[in-house]
Protein chains: 4
Amino acid sequence: MLNRIVLIGRLTKDPELRYTPNGVAVATFTLAVDRMRKSAQGERETDFINIVVWQKQAENVANYLSKGKLAAVDGRLQIRSYDDKDGQRRWMTEVVAETVRFLSPKDSGGSGPTDFIGAEMEHSDDDLPF
Amino acid sequence: MLNRIVLIGRLTKDPELRYTPNGVAVATFTLAVDRMRKSAQGERETDFINIVVWQKQAENVANYLSKGKLAAVDGRLQIRSYDDKDGQRRWMTEVVAETVRFLSPKDSGGSGPTDFIGAEMEHSDDDLPF
Amino acid sequence: MLNRIVLIGRLTKDPELRYTPNGVAVATFTLAVDRMRKSAQGERETDFINIVVWQKQAENVANYLSKGKLAAVDGRLQIRSYDDKDGQRRWMTEVVAETVRFLSPKDSGGSGPTDFIGAEMEHSDDDLPF
Amino acid sequence: MLNRIVLIGRLTKDPELRYTPNGVAVATFTLAVDRMRKSAQGERETDFINIVVWQKQAENVANYLSKGKLAAVDGRLQIRSYDDKDGQRRWMTEVVAETVRFLSPKDSGGSGPTDFIGAEMEHSDDDLPF
DNA sequence: TTTT
DNA sequence: TTTT
């Protein structure tokens with residue numbers, strides 16, 4: 001009924017860009033998200049979370065994000081089941097991004113992307129009736 | 001750069017439905033959101049938060065929500081400034097809902113709304129290329 | 001660096017309550033969270049998401065939640081790796097709840113739990129210095 | 001019943017640090033959070049949102065954040081009413097931060113803060129019973 | 001101006 | 001392994 005997740009972390013690798021049979025862009029990457037508390041042994045712990053982005057955003061991600069860059073993702077958690085090569089049912093978890101924000105400073109001297117991408121929320125309040 | 005809020009609470013009154021000059025539906029209502037901790041004097045405390053919803057959702061809200069009903073709102077926090085009648089600058093805070101979910105059980109015997117409304121997130125994963 | 005998720009859905013079964021070797025309560029359950037958009041074939045789709053809760057909350061969940069009840073969970077997404085019986089590395093995904101709210105109306109005639117449980121946020125503002 | 005907000009933006013000024021009568025640290029600052037869509041006239045729009053942080057975090061914020069720095073805030077929306085000098089009831093809105101993350105790169109050559117601060121979530125899963 |  |  002409601003499913004909303006926000007993550008901030010760093011890309012473990014460059015994003016991968018593909019296209020569906022009907023030509024829709026999809027980018028995937030993994031975010032390393034450090035936990036706030038350390039393990040019992042005092043090591044830092046990290047969740048590695050797979051992200052999927054669609055369409056224009058997928059292309060922006062592929063163009064402007066790369067390994068090690070800091071990013072924020074706002075989306076929903078999705079769990080897909082599939083059967084592996086041995087016919088075993090497996091589950092895969094991923095976050096379907098609604099918006100991705102680039103948080104690493106633009107490379108100085110770079111051509112400079114706009115500093116955000118994402119689906120627009122609905123409406124202007126320019127002429128509210130109240 | 002990123003602005004995301006999720007609230008669950010009860011409507012303090014029936015929602016109000018209006019239309020912009022160009023015919024776009026807008027509904028407004030207030031959610032009473034109880035805080036988890038009580039005040040120093042042991043009283044329960046509550047935040048009263050104004051919500052704005054647009055378009056089709058505005059009409060659904062007007063049709064299916066009413067005073068006392070439980071609802072979840074997912075949106076963004078917005079602060080608008082305006083000048084009051086004395087020419088003083090004031091600020092008003094409201095949450096612009098992206099989705100509103102109805103959490104009170106449908107009235108038994110009622111004709112029964114669908115149990116949710118809201119903007120759709122972007123994409124199907126029916127034919128992922130991986 | 002930041003990892004925050006909010007879910008609303010229904011329990012697929014009664015929660016399970018266990019204790020760690022050192023006596024800390026842990027409850028687990030699965031939330032069925034309907035997606036907003038239907039599949040290409042027009043079926044409703046659902047994510048089944050595993051939830052873990054600790055301590056006092058675990059016991060409240062075990063006492064007051066049961067199969068089919070509506071609940072909201074606020075927490076963080078965690079991915080643990082483990083090796084299955086064939087020595088294969090597997091991942092399991094779960095949401096570690098910080099708070100769980102009970103959204104189904106209390107059974108009429110029931111003894112009535114308090115209608116929420118959860119970790120408290122930090123501070124009162126009773127004597128702010130401004 | 002549930003109230004959760006996540007913001008990313010830049011500090012409009014250096015944070016202010018104060019202490020309650022009983023010696024508890026409180027820091028306040030304002031985050032400039034750009035909206036994703038531009039106004040009808042094509043200008044970028046921004047929400048200026050007041051943030052409050054308590055205790056150890058307040059001191060960290062005062063030490064490591066300053067005007068222009070990028071930060072993420074995770075907390076709850078709070079609305080307090082007060083009476084102004086003319087005896088008029090006014091409302092003020094602020095976000096009570098549970099965690100604040102520093103997103104600007106540490107100044108090269110600086111002494112280097114830890115790169116996050118915040119309340120810890122509850123439990124380790126080092127000895128889960130399952 | 002406030003809800004169960 | 002799944003809920004209304």
Side-chain angles (χ1 to χ4, degrees), chain A residues 1-3 79-83 88-91 130, chain B residues 7-16 28-36 38 43-51 61 65-73 90 92-94 101-108 110 112-116, chain C residues 7-16 28-36 38 43-51 61 65-73 90 92-94 101-108 110 112-116, chain D residues 1-3 79-83 88-91 130:
Chain A
M1 302 249 314
L2 187 149
N3 182 334
I79 295 175
R80 288 191 287 145
S81 65
Y82 64 97
D83 299 300
Q88 279 272 27
R89 162 138 298 180
R90 301 273 170 232
W91 280 266
F130 49 92
Chain B
L7 301 168
I8 300 179
R10 291 185 184 277
L11 295 236
T12 60
K13 298 200 238 158
D14 291 352
E16 290 182 33
T28 52
F29 58 92
T30 299
L31 263 196
V33 181
D34 292 332
R35 293 187 196 163
M36 261 152 50
K38 297 168 201 70
E43 303 134 5
R44 211 212 279 173
E45 293 190 279
T46 302
D47 292 292
F48 296 97
I49 302 174
N50 296 319
I51 314 289
V61 159
L65 281 182
S66 54
K67 180 176 176 174
K69 289 282 189 262
L70 192 66
V73 166
R90 301 271 170 234
M92 70 162 301
T93 291
E94 59 205 354
R101 319 303 303 249
F102 308 152
L103 300 177
S104 287
K106 317 180 210 320
D107 303 341
S108 42
T114 67
D115 81 327
F116 73 84
Chain C
L7 300 169
I8 300 179
R10 292 185 183 277
L11 295 235
T12 61
K13 298 202 235 156
D14 290 352
E16 291 182 32
T28 53
F29 58 92
T30 299
L31 263 196
V33 181
D34 292 332
R35 293 187 196 163
M36 261 151 52
K38 296 166 203 72
E43 305 133 4
R44 212 211 280 174
E45 293 189 278
T46 302
D47 293 292
F48 296 96
I49 302 174
N50 296 319
I51 315 289
V61 159
L65 281 182
S66 54
K67 180 177 175 171
K69 289 281 188 261
L70 192 66
V73 166
R90 302 270 169 235
M92 69 162 303
T93 292
E94 60 206 351
R101 319 303 305 249
F102 308 152
L103 300 177
S104 286
K106 317 178 210 318
D107 303 341
S108 40
T114 67
D115 81 327
F116 73 85
Chain D
M1 303 251 314
L2 188 148
N3 182 336
I79 294 175
R80 290 191 288 145
S81 66
Y82 64 97
D83 299 300
Q88 278 273 26
R89 163 139 296 179
R90 301 273 170 234
W91 279 265
F130 49 94

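Here is the naming used below: chain letters follow the sequence lines, and residue numbers restart at 1 for every chain.
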What is the separation between atom [atom1] on [X] and atom [atom2] on [N], rounded to the nearest whole Å?
X: I79(A); N: dT1(F); atom1: CD1; atom2: P; value: 13 Å
X: F102(B); N: dT4(F); atom1: CZ; atom2: P; value: 21 Å
X: L7(B); N: dT3(E); atom1: CG; atom2: C1'; value: 14 Å
X: R90(A); N: dT1(F); atom1: CZ; atom2: P; value: 11 Å
X: N50(C); N: dT3(F); atom1: CG; atom2: C1'; value: 13 Å
X: R10(C); N: dT1(F); atom1: CZ; atom2: P; value: 23 Å
X: I49(C); N: dT2(F); atom1: CD1; atom2: P; value: 15 Å
X: L2(D); N: dT3(E); atom1: CG; atom2: P; value: 21 Å

Out of [options], which nucleotide sits closest to the side chain of [X]?
X: W91(D); options: dT1(E), dT4(E), dT2(F); value: dT1(E)
X: R89(D); options: dT2(E), dT1(E), dT4(F); value: dT1(E)
X: T30(C); options: dT2(E), dT2(F), dT4(F); value: dT2(F)

Looking at side-chain heavy atoms only, is the closest gap between F48(B) and I79(D) below 4.5 Å?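 They are not in side-chain contact.
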Evaluate D47(C) against R35(C) for side-chain contact (heavy atoms from CB on, under 4.5 Å), listing each step before the verdict. CA-CA 7 Å; D47(C) 293 292; R35(C) 293 187 196 163; 2.8 Å; yes
Does the pair I8(B) and I8(C) meet the rule for a side-chain contact (heavy atoms from CB on, under 4.5 Å), with working shown? CA-CA 10 Å; I8(B) 300 179; I8(C) 300 179; 3.7 Å; yes
Using only heavy-atom distances, decide whether a donor-acceptor pair under 3.5 angstrom links the side-chain of T46(C) to the base of dT3(F).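 Yes, the side chain and the base share a sub-3.5 Å donor-acceptor pair.
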What's K69(B) touching, base or sugar-phosphate or nothing? Going by heavy atoms closer than 4.0 Å. nothing
List for me each residue that meets side-chain hydrogen bond (donor to acceptor under 3.5 Å, both in side chains) alongside Q88(A), sequence neighbours excluded, and say none if there are none. none
